Amino acid sequence: MNNPIPYGRQHITEEDIAAVVSTLKSDYLTQGPKITEFEEAFANYVGSEYAIAVSNGTAALHLCAMALNIQPGDKVITTPITFAASANCVRYCGGEVVFADIDPDTYLLDIDNVRKLLEAEPKGTYKGIVPVDFAGRAVDLEAFKKLAEEYDLWIIEDSCHAPGGFFTDSKNQKQFCGNGNFADLAIFSFHPVKHIASGEGGMITTNDEKLYEKLLQLRTHGIVKQDNKYQNSIDFAVGSSVSSDEVENYPAWYMEMQDLGYNYRLTDFQAALGNNQLKRADEGIVKRRALASKYKNAFENKNFLKGQSGVIEGHAYHLFILEVENRFGLYNYLRENKIFAQIHYIPCHLMPYYRDLGWQEGDLPVAEQYYKNCISLPMFPTLTEDEQEFVIDKVNSFYED
Ligand SMILES: *Cc1c(COP(=O)(O)O)cnc(C)c1O
């Protein structure tokens, strides 16, 4: 009997453990040097100017929504085939989520549907777009950026599935997910099922210095600790009237809460883990691509690979998805064999919370049809050859019986 095979699993090495232990023995458990190290290495990895480590991917999305100043009633477009947090961040700020249907050939937000929504309303109705590099496949952000400029929209790229993924732009350049060349902000998650694990954890990347500074502030309660940014007077800060030749600087204890922020910090020992994992990120993608190509070969004569035919350059393969008949039967059969496939995703607009806001079945037919047949097979770098063959055999034997 085989060991249980999940759809995704973290990989923790002795070196990862040593990195965490050494941070636990250091002076800093949080807000120490490991955070900066991780941020710099991550920015370098994706090719962005700035990176801000946060407590999880959802916090990253929330801070992005706040930094872009989403206000009650603001309309923001996203895909229904994503983890709910991509949409929820708009709701945290009181904005309105408008879901647009996916492209059946890529499972990504369909830009033509987004364009139709934008054309149907006066300019200014929509404020932004949250495209998702779903399953690890990079969105063509060059095209989205063009559309966004036309309608004066910002873009938050939800890149939780795709660190290390890229698309090829019109000048034949590789554009890595989260590099900030097209999106205003991009976000990542370090939940154990994602490519890089830190327990819980997240990252925001950007090339925009103003947004970067705003995000740093919002990550820590909206607090500013920088002399030239204070709004209150030095007199007030000192606590008594002082002459300027007596006191030129604000006292060392002084700080100001200038905005309503949160505590969305990552700890140093989580950053140490994430940073050590990051060193193996490329290795992990190579393995994921090899697994994907083996699955593709195995199923090439079936009609399972609807949304991923051909070679897809730059795919980071967070997920490997089949579209099958009798998905319920296959899912149960795999479970009986201790293969824990998963479904990504139940369309977000049909979650009871979004139904209560007016969404209903039939609104997004491509996403709804996709949901009926999709199933994610095991996909993680430590999946062994034997395990993958076992998975392939079981899928095939289910359809042969
Ligand atoms: C995992 C994930 C998130 C949320 O990240 P957490 O770290 O779990 O909060 C957001 N969007 C997508 C697409 C995800 O896969």
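We number each residue from 1, following the sequence as shown. Since we're looking at a predicted model, the values are computed, not measured.
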Enquirer: Assess the residue pair S170 and E142 against the criterion (side chain to side chain donor-acceptor pair (under 3.5 Å)); give the C-alpha distance rounded to whole Å, side-chain angles, the decisive distance to 0.1 Å, and a yes or no.
Expert: CA-CA 8 Å; S170 57; E142 189 182 26; 2.6 Å; yes

Enquirer: CD1/I52 to CG/L266 distance, rounded to the nearest 0.5 angstrom?
Expert: 12.5 Å

Enquirer: Does the plane of the ring in Y254 sit parallel, tilted or perpendicular to the ring in F236? Use 30° and 60° as the thresholds.
Expert: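 Taking F236 first and then Y254, their aromatic rings stand perpendicular (interplane angle over 60°).
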
Enquirer: Take L291 and F320 through the test side-chain contact (heavy atoms from CB on, under 4.5 Å) and record every step on the way to the result.
Expert: CA-CA 9 Å; L291 293 170; F320 191 88; over 6 Å; no

Enquirer: Check the pair E96, R91 against salt bridge (Lys or Arg N to Asp or Glu O under 4.0 Å), reporting the backbone distance first and the verdict last.
Expert: CA-CA 6 Å; E96 188 183 324; R91 299 295 302 146; over 6 Å; no

Enquirer: Parallel, tilted or perpendicular: which one describes the rings of H349 and F99, with boundaries at 30° and 60°?
Expert: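 Ring orientation of H349 relative to F99: tilted.
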
Enquirer: Knowing that exactly one of F304, Y333, F299 qualifies, which makes a ring pair (Phe, Tyr, Trp, His ring centres under 6.0 Å) with Y399?
Expert: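 Exactly one candidate clears the test, F304.
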
Enquirer: Tell me whether the rings of H318 and H195 are parallel (<30°), tilted (30 to 60°) or perpendicular (>60°).
Expert: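 Plane angle between 30° and 60°, so tilted.
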
Enquirer: Between F188 and F42, how do the two ring planes meet: parallel, tilted or perpendicular, split at 30° and 60°?
Expert: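 Taking F42 first and then F188, their aromatic rings stand perpendicular (interplane angle over 60°).
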
Enquirer: Any side-chain donor-acceptor pair under 3.5 Å between D169 and Q175?
Expert: yes

Enquirer: Which atom pair, heavy atoms only, marks the closest approach of A60 to V54?
Expert: CB-CG2, 3.6 Å

Enquirer: Taking only residues at least two apart or on different chains, which pairs with a member in residues 147-160 satisfy side chain to side chain donor-acceptor pair (under 3.5 Å)?
Expert: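 Of all non-adjacent pairs touching residues 147-160, those that pass side chain to side chain donor-acceptor pair (under 3.5 Å) are S86-D158, D133-S159.
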
Enquirer: Which label fits Y370 and F134: parallel for a plane angle under 30°, tilted from 30 to 60°, or perpendicular past 60°?
Expert: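 Judged by the thresholds at 30° and 60°, the geometry between Y370 and F134 is perpendicular.
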
Enquirer: For D386 and Q388, does a side-chain donor sit closer than 3.5 Å to a side-chain acceptor?
Expert: no

Enquirer: Flag the pair K294 and E389 as a salt bridge only when some basic side-chain nitrogen lies within less than 4.0 angstrom of an acidic carboxylate oxygen.
Expert: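 Salt bridge between K294 and E389, a charged N being under 4.0 Å from a carboxylate O: yes.
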
Enquirer: What verdict does the side chain to side chain donor-acceptor pair (under 3.5 Å) test give for H11 and T382, after you've listed the backbone C-alpha separation in whole Å, the side-chain angles of each residue and the deciding distance to 0.1 Å?
Expert: CA-CA 7 Å; H11 178 216; T382 52; 5.8 Å; no

Enquirer: I'd like to know whether the aromatic ring centres of H62 and Y92 sit less than 6.0 Å apart in this structure.
Expert: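 Yes, close enough.
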
Enquirer: Under 3.5 Å, side chain of E283 to main-chain N/O of R280, donor-acceptor pair present?
Expert: no

Enquirer: Going through the checks in order, is the side-chain contact (heavy atoms from CB on, under 4.5 Å) test met by N179 and T205?
Expert: CA-CA 7 Å; N179 72 4; T205 59; over 6 Å; no

Enquirer: Before you tell me yes or no, could you show the steps for I375 and Q342 under side-chain contact (heavy atoms from CB on, under 4.5 Å), namely the whole-Å CA-CA distance, both residues' side-chain angles and the distance that decides it to 0.1 Å?
Expert: CA-CA 6 Å; I375 186 163; Q342 193 43 285; over 6 Å; no

Enquirer: Could you check whether Y45 and F38 have their ring centres less than 6.0 Å apart?
Expert: no

Enquirer: When you measure from the centre of the six-membered ring of Y371, is the NZ or CZ of R327 under 6.0 Å away and within 45° of the axis?
Expert: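 Relative to the ring axis of Y371, which defines the angle, R327 lies inside both limits.
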
Enquirer: Looking at every heavy atom in both Y317 and M379, which two are closest together, and how far apart are they?
Expert: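 Shortest heavy-atom contact: O-CG, 3.3 Å.
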
Enquirer: When you look at N276 and V20, which way does the side-chain contact (heavy atoms from CB on, under 4.5 Å) test go after all the steps?
Expert: CA-CA 9 Å; N276 212 61; V20 174; over 6 Å; no

Enquirer: Going by the angle between their ring planes, with limits at 30° and 60°, are Y230 and Y250 parallel, tilted or perpendicular?
Expert: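 Geometry flag for Y250 against Y230: perpendicular rings.
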
Enquirer: Just how far is it from atom CG of L319 to atom CG of L322, taken to the nearest 0.5 Å?
Expert: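 L319 CG to L322 CG: 11.5 Å, rounded to 0.5 Å.
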
Enquirer: Is the closest side-chain donor-acceptor distance between E39 and T36 under 3.5 Å?
Expert: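 Side-chain D/A pair, E39 to T36: absent.
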
Enquirer: Could you go through Q10 and H191, starting from their C-alpha distance and side-chain angles, then the distance that decides it, and tell me whether this counts as side chain to side chain donor-acceptor pair (under 3.5 Å)?
Expert: CA-CA 9 Å; Q10 75 274 21; H191 181 278; over 6 Å; no

Enquirer: Using a 6.0 Å cut-off, check whether atom CD of E119 has over 12 heavy atoms from anything other than its own residue.
Expert: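 More than 12 within 6.0 Å, yes.
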
